[in-house]
Amino acid sequence: MDWLETIIIAIVEGLTEFLPVSSTGHMIIAQNLLGLTPDALNESDKAFVHAFTFIIQFGAILSVVCLYWKRFFQFDTTPAPAGSNMFQKLKHTFNFYWLLIVGVLPAVIIGLLAKKSGLLDWLLDSVEVVAIMLVIGGIFMLYCDKLFNKGSEETVLNEKKAFNIGLYQCISVIPGVSRSMATIVGGMTQGLTRKRSAEFSFFLAVPTMAGATLLDLLDLLKEDASWATTHNITMLLLGCVVAFVVALLAMKWFVSFLSKYGFKAFGIYRIIVGGIIIIMLLTGHSLVMVD
């Protein structure tokens with residue numbers, strides 16, 4: 001990957017990480033347009049591009065900590081209920097983090113199974129899967145605002161609700177689904193407002209993507225460290241920085257837009273993009289625009 005390819009893919013990641021349009025799916029599309037397809041890369045470069053896809057997502061996710069730092073580093077200083085044991089007192093104080101742990105558990109289990117079986121690598125190579133899921137998800141998003149009520153600010157987010165939202169997040173192992181869409185819809189099914197669902201989706205992304213990034217780095221170092229050239233490490237750092245800055249700007253806009261207008265515009269966008277790709281593939285046209 002060169003500088004321009006890195007910046008383009010990182011901008012795509014930053015713009016789409018928090019939008020319900022699938023950042024992974026858009027990066028796969030961008031890689032295909034840039035000619036970074038699996039059959040055009042050697043094994044070392046292929047491994048690096050796969051890892052790059054996940055690692056720069058963590059760069060974007062760090063923007064959550066920056067934008068919501070007061071809420072991300074929060075502790076409940078009120079007294080625990082009378083009669084609470086030590087564990088209950090700790091859970092009361094660190095309730096925000098406890099809910100994140102509960103919410104991320106399903107993704108940890110499903111993600112590890114998908115990665116170990118090789119399913120995840122296969123899905124990341126399939127632009128066809130991305131296109132189909134963009135369309136299916138788009139059709140769903142045209143109606144999901146009507147399927148779920150607007151939720152209530154009074155709804156209490158507890159362990160059961162956090163775990164259920166985590167189950168929805170597991171669907172996003174399929175590129176094109178969108179982790180953001182899955183978790184926001186999951187929050188809405190639990191009675192949260194669109195805004196609260198979006199914000200919990202952002203928070204839940206931090207441990208989820210931190211874990212995915214760590215696993216990919218360990219796999220890269222364990223299997224073949226030949227990718228760790230000065231150039232590739234520089235590209236990783238550049239990609240993370242660009243994704244961080246772009247995501248920071250996109251996230252603030254998204255919360256406001258989603259609260260006012262809902263999912264419909266994103267659904268239409270997904271159907272158009274997915275439909276164009278499906279038509280191109282069915283008519284024998286390649287997505288590769290750069291040789």
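Count residues from 1 along the sequence. Values in this document were obtained by computation on a predicted structure and should not be read as measured data.
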[Y] versus [X], side-chain donor and acceptor atoms under 3.5 Å:
X	Y	value
S22	S178	no
Q190	T155	no
S23	Q57	yes

Would you mind reporting whether [Y] and [X] have side-chain heavy atoms less than 4.5 Å apart?
X	Y	answer
F163	P106	yes
F254	F202	yes
M27	I56	yes
P20	M141	yes
K161	N164	no
T183	F200	no
F18	S63	yes
I28	P175	yes

Inset, instruction - Would you check if the side chain of T193 reaches a backbone N or O of R196 as a donor-acceptor pair within less than 3.5 Å? - result: yes

Legend entry - Backbone N/O of M1 and side chain of H231: donor-acceptor pair under 3.5 Å: yes

What are the two closest non-hydrogen atoms of [X] and [Y], and how far apart are they?
X	Y	result
G14	A250	O-CB, 3.8 Å
P207	F203	CD-O, 3.2 Å
A107	C170	N-SG, 3.6 Å

Inset, instruction - Using the ring-ring contact (aromatic ring centres under 6.0 Å, His included) rule, take Y97 and H92 through it: C-alpha gap first, then chi angles, then the decisive distance, then the call. - result: CA-CA 10 Å; Y97 304 102; H92 175 79; over 10 Å; no

Legend entry - Ion pair check, E199 and R194, cut-off under 4.0 Å: no

I'd like to know whether the aromatic ring centres of [X] and [Y] sit less than 6.0 Å apart in this structure.
X	Y	result
F140	F263	no
F73	Y68	no
F96	F72	yes

Inset, instruction - Applying side chain to side chain contact (heavy atoms under 4.5 Å, CB included), run through I277 and V130 and close with a yes or a no. - result: CA-CA 9 Å; I277 296 172; V130 171; 5.5 Å; no

Legend entry - Residue among I9, I7, I8 satisfying side-chain contact (heavy atoms from CB on, under 4.5 Å) with I11: I7

Measure the [atom1]-[atom2] distance between [X] and [Y] for me, rounded to the nearest 0.5 Å.
X	Y	atom1	atom2	result
S201	M188	OG	CE	12.0 Å
L33	E5	CG	CD	11.5 Å
F58	L214	CZ	CG	9.5 Å
T53	Q31	OG1	CD	4.0 Å

